[in-house]
Amino acid sequence: MRASQRGDSVSRYALVVFPVPADKPYCYRVPSGLVDKVRRGSRVIAPFGGRYLEGYVIEELEKPNFPEEELKEIYDCLDEEPFFSDEMLELTRWMADRYISSWGEALRCADPYGVRAMVRRIVSINREAGVDRGTVESLRERAPRQAAILEMVLSKGRASVAALRRELGGSGFYSALSALERKRLVTISHAVRKSGPKKVSYVTLAVSPEEAEGYLEELERRAPKAARALEMLIEEGSIPLSELLNRCDASRSSISALERRGIVRLERVEEVREPDERWEEEYPSEVELTDEQRAAFEAIAGAIRAGRHEVFLIHGVTGSGKTEVYMRAVEEVLKRGKGAIVLVPEISLTPQTVARFASRFGDRIAILHSRLSPGERFDQWRMIKEGRARIVVGPRSAVFAPVEDLGLIVVDEEHETSYKQIDPPPRYHARDVAIKRGEIAGCPVVLGTATPSLESYYMAQIGRYKLLKLTRRIHDIELPPVEIVDMREELTVKRNRSIFSYRLRRRISEALKAGHQVMLFLNRRGYSTYVFCRECGYVERCENCSVSLTYHRDRDVMICHHCGLEKPPPRWCPRCKSPYIRHFGIGTQQVEREVKRLFPKARVARMDTDAVATKGAHSRILNAFRRGEIDVLVGTQMIAKGLDFPNVTLVGVVNADLALNLPDFRAGERAFNLLTQVAGRSGRSRKGGRVVVQTYAPEHYAILSAKDH
Ligand code: ADP
Ligand code: ZN
Ligand code: ZN
């Protein structure tokens with residue numbers, strides 16, 4: 001891919017793969033005008049199945065492997081220099097094999113445009129040719145299609161190929177267009193589609209939840225899907241339209257019907273969250289490493305200096321200073337003139353980590369948010385490719401950043417599920433891709449977490465990864481004691497039906513009296529609700545798959561989301577015969593309301609997807625919390641990770657079982673992760689701290705393990 005290769009050999013044929021499911025290369029002729037440009041690794045536009053598609057050149061050929069007369073020609077080349085390096089071609093080939101996708105799909109994944117539709121071809125009138133209405137008329141008879149295209153471009157000034165084709169129809173369109181181009185009447189250029197701030201439609205309940213309940217029965221008969229949507233809105237208040245349609249499989253028109261009746265409201269909300277930019281934090285530029293940090297750093301630095309591929313797993317308790325170790329390692333890499341990639345689970349969930357890197361490394365850093373517009377993304381990508389930014393921080397797709405002379409990859413919070421791409425294919429895991437990339441580039445890869453994934457921990461145990469332990473918090477602050485509250489007893493023995501146990505209530509009041517801050521955590525992920533017994537903790541599970549069954553109120557059935565098993569919800573607990581068997585349906589809003597009712601003087605704020613839907617809300621809430629303007633912060637997984645607030649001395653987990661009963665075979669592992677992470681938000685200064693975990697399954701191994709950190 002080096003420039004020096006250019007012109008060495010003139011290739012006239014190329015093998016191209018496309019981002020389609022078929023894993024097959026196609027041979028094309030390279031027209032003379034493109035012979036200089038089309039190289040292994042170039043992105044090209046070529047006719048494919050009656051359309052023009054973006055494809056990727058994987059090989060240059062001297063001779064075609066197909067009958068010459070049947071070959072089609074490459075239409076255009078998007079890059080002056082090959083876009084994909086040999087390293088990236090090798091990596092994506094490996095991904096295609098490992099994740100069972102086509103090579104083209106894997107390459108698309110590594111392309112900053114992400115989807116081909118973002119490259120638009122724009123047709124404009126060639127000014128020098130003096131085109132006017134007369135030109136159009138002169139074509140009318142002989143070439144009516146050309147005349148139609150020219151007429152439209154003339155009237156609009158310029159138009160995209162896609163729009164022209166939509167208006168003027170398919171057959172013969174492209175040949176007419178290229179004829180116009182050959183005659184130099186029009187010019188065709190490529191444009192990266194720039195989009196403004198992304199707006200997202202939210203559906204919000206327009207009436208009180210109680211009033212909305214009143215509509216449910218009627219809807220369930222007439223429009224069960226709309227009823228399901230309404231039910232979710234009653235529980236969650238406000239949900240992005242596309243997500244809502246997806247989750248309840250409803251049509252747009254059924255939501256419009258609810259809107260016409262004044263039950264819900266549709267709003268356009270700007271979806272830009274850039275908490276890192278406004279994050280208020282003084283971060284020390286130089287600190288003395290602790291002995292454990294130093295040992296970890298030296299091990300990694302050894303591999304960096306030797307340019308050796310090796311995988312390290314930093315298993316460091318919450319607050320042990322992992323980020324400082326990453327930053328020292330990155331400095332070491334920069335000193336050697338190399339580059340680094342730092343993967344974080346999700347920019348909006350890790351504002352502090354991003355802010356720390358940004359304040360330490362300034363403009364040598366490129367931050368790849370998932371919410372950058374295509375144009376901005378392209379600019380960042382170019383900065384990296386040209387070597388102006390040597391450090392890249394971003395979510396899973398940043399593993400493909402075109403950093404040359406890669407010296408290190410860091411995967412922070414390596415256990416996080418957001419590293420796994422679900423759709424579209426390839427369904428890759430960014431941690432594993434990072435390790436493969438490190439292997440190809442010959443550089444170390446550092447995985448860091450307080451709660452290693454089972455896979456990584458096993459690899460460390462058998463010696464494939466090197467385990468580095470940080471067992472103590474900075475300044476030797478103790479990990480907070482975790483108190484488990486058995487919620488079954490709250491009901492049966494103490495006759496307490498509130499969402500707060502007596503103990504949690506007492507702890508909150510103690511913390512507030514001392515002038516400390518409190519975080520209350522409720523993991524309401526999605527709408528999955530499970531049926532359980534409040535007296536004995538029994539949970540309805542699938543007899544085939546052992547995952548918990550999900551209750552669907554619209555049809556009053558429980559469904560296994562793995563195998564599809566359905567059964568009616570029981571009236572009495574099959575184990576203890578209690579009638580207190582029902583589905584769990586409380587949300588963060590109810591927790592917030594309850595705190596306000598019990599502690600009217602406390603300043604309470606909530607952090608979940610609704611609360612941060614407006615621009616800047618995320619960092620506004622966190623900054624206010626940091627400044628001490630909020631006493632109690634109620635939130636979902638958004639507050640569970642990475643945050644470092646010294647004045648928080650109490651973390652309350654309202655219901656630990658929500659994680660435990662996710663319909664997922666990793667539910668136990670994930671519950672442990674989540675509890676450990678959220679517990680780690682407490683007691684991060686010398687003020688000390690504690691954690692109260694409420695559960696109906698106090699004997700579960702994941703909860704007991706989290707109790708012992
Ligand atoms: P982790 O990511 O392991 O949970 P952090 O990286 O958030 O931990 O570090 C916890 C706190 O300790 C941060 O406020 C950080 O600035 C501070 N810190 C880290 N290393 C040191 C050190 N060697 N000396 C003093 N403070 C440190
Ligand atoms: Zn029971
Ligand atoms: Zn099942």
* Asked: For Arg606, what residues pass the side chain to side chain donor-acceptor pair (under 3.5 Å) criterion, not counting sequence neighbours?
  -> Glu592, Asp608

* **salt bridge (charged side-chain N to carboxylate O under 4.0 Å, His left out) involving Glu629 - partner list, sequence neighbours excluded** => Arg627

* Is there side-chain contact between Leu241 and Arg252, with at least one heavy-atom pair below 4.5 Å? -> yes

* To do: Identify the heavy atoms of Tyr551 and Pro569 that sit nearest to each other, and give their distance.
  => CE1-CG, 3.8 Å

* Structure fact -> Correct closest heavy-atom pair for Cys576 and Cys573 would be N-SG, 3.3 Å

* Asked: Among pairs that include at least one residue of residues 497-508, which meet salt bridge (Lys or Arg N to Asp or Glu O under 4.0 Å), considering only residues two or more places apart or in two chains?
  -> Glu483-Arg503, Glu483-Arg507, Arg506-Glu510, Arg507-Glu510

* Asked: Is there side-chain contact between Thr204 and Leu233, with heavy atoms separated by less than 4.5 Å?
  -> no

* Below 4.5 Å, heavy atoms only, C-beta onward: do Ser501 and Met487 meet side chain to side chain? -> yes

* Does the salt bridge (charged side-chain N to carboxylate O under 4.0 Å, His left out) test come out yes or no for Glu699 and Arg488, once each step is laid out? -> CA-CA 12 Å; Glu699 66 287 336; Arg488 298 171 304 193; 3.4 Å; yes

* Asked: In chain order, what residues pass the side-chain contact (heavy atoms from CB on, under 4.5 Å) check against Ser453, with sequence neighbours excluded?
  -> Glu414, His415, Arg431, Glu455, Ser456, Glu669

* To do: Taking ring-ring contact (aromatic ring centres under 6.0 Å, His included) as the test, write out the residues that go with Phe625, two or more places apart.
  => Phe645

* Asked: Among all residues two or more places apart in sequence or in another chain, which pass the side chain to side chain donor-acceptor pair (under 3.5 Å) test with Ser682?
  -> none

* **Separation between CG of Asp412 and CG of Leu343, rounded to the nearest 0.5 Å** => 9.5 Å

* Asked: For Arg221, which residues count as a side-chain contact (heavy atoms from CB on, under 4.5 Å) partner, sequence neighbours excluded?
  -> Glu218

* **Minimum side-chain heavy-atom gap Cys560-Val547 below 4.5 Å** => yes

* Closest contact, heavy atoms only, Tyr419 versus Pro345 -> OH-N, 3.3 Å

* Asked: Any sub-3.5 Å donor-acceptor pair from Glu220's side-chain atoms to Ala227's backbone N or O?
  -> no

* side-chain contact (heavy atoms from CB on, under 4.5 Å) between Leu266 and Tyr202, intermediate numbers included -> CA-CA 6 Å; Leu266 270 153; Tyr202 269 78; over 6 Å; no

* Asked: Would you call Glu594 and Arg597 a salt bridge, taking side-chain N to carboxylate O under 4.0 Å as the test?
  -> yes

* Quick one: closest heavy-atom pair of Met232 and Leu244, and the distance? => SD-CD1, 4.0 Å

* Asked: Yes or no on side-chain contact (heavy atoms from CB on, under 4.5 Å) for Phe672 and Ile703, after CA distance, side-chain angles and deciding distance?
  -> CA-CA 7 Å; Phe672 172 75; Ile703 293 190; over 6 Å; no

* Asked: With Lys494, which residues qualify under salt bridge (charged side-chain N to carboxylate O under 4.0 Å, His left out), at least two apart?
  -> Glu490

* Glu540: what forms a side-chain contact (heavy atoms from CB on, under 4.5 Å) with it, not counting sequence neighbours? -> Val531, Tyr538, Leu549, Met558, Lys567, Pro570, Pro574

* **Check: Ala257 main-chain N/O paired with Arg261 side-chain donor or acceptor under 3.5 Å** => no

* **With sequence neighbours excluded, residues passing side chain to side chain donor-acceptor pair (under 3.5 Å) with Ser498** => none

* Asked: Do Ile255 and Val203 come close enough that some side-chain heavy atom pair is under 4.5 Å?
  -> yes

* Might you point out which heavy atoms bring Ala656 and Val693 nearest each other, and give the distance in Å? => CB-CG1, 3.6 Å

* **Gln589 side chain reached by Val634 side chain, heavy atoms, under 4.5 Å** => no

* What pair of heavy atoms forms the shortest contact from Ala667 to Leu660, and how long is it? -> CB-O, 3.3 Å

* Between CE on residue Met607 and CD1 on residue Ile639, distance to nearest 0.5 Å -> 7.5 Å

* For the atom pair OG1 (Thr695) and CD1 (Ile484), what is the distance rounded to the nearest 0.5 Å? -> 7.0 Å

* Asked: So Asn655 and Tyr696, side chain to side chain donor-acceptor pair (under 3.5 Å) or not? Walk me through it.
  -> CA-CA 8 Å; Asn655 182 351; Tyr696 290 89; over 6 Å; no

* Who pairs with Pro425 by side-chain contact (heavy atoms from CB on, under 4.5 Å), at least two apart in sequence or on another chain? -> Ser101, Glu105, Asp423, Arg427

* What is the distance from atom CG of Leu491 to atom CG of Asp486, rounded to the nearest 0.5 Å? -> 10.5 Å

* Asked: Are Val653 and Leu675 close enough that some pair of their side-chain heavy atoms sits under 4.5 Å apart?
  -> yes

* Test side-chain contact (heavy atoms from CB on, under 4.5 Å) applied to Asp631 and Val518, step by step -> CA-CA 6 Å; Asp631 302 309; Val518 178; over 6 Å; no

* **Within-4.5 Å side-chain heavy-atom neighbours: Val632 and Leu520** => yes

* To do: Tell me, please, which residues at least two apart from His516 pass side chain to side chain donor-acceptor pair (under 3.5 Å).
  => Thr649

* From CA spacing to verdict: side-chain contact (heavy atoms from CB on, under 4.5 Å), Tyr530, Arg541 -> CA-CA 9 Å; Tyr530 59 96; Arg541 288 178 189 279; over 6 Å; no

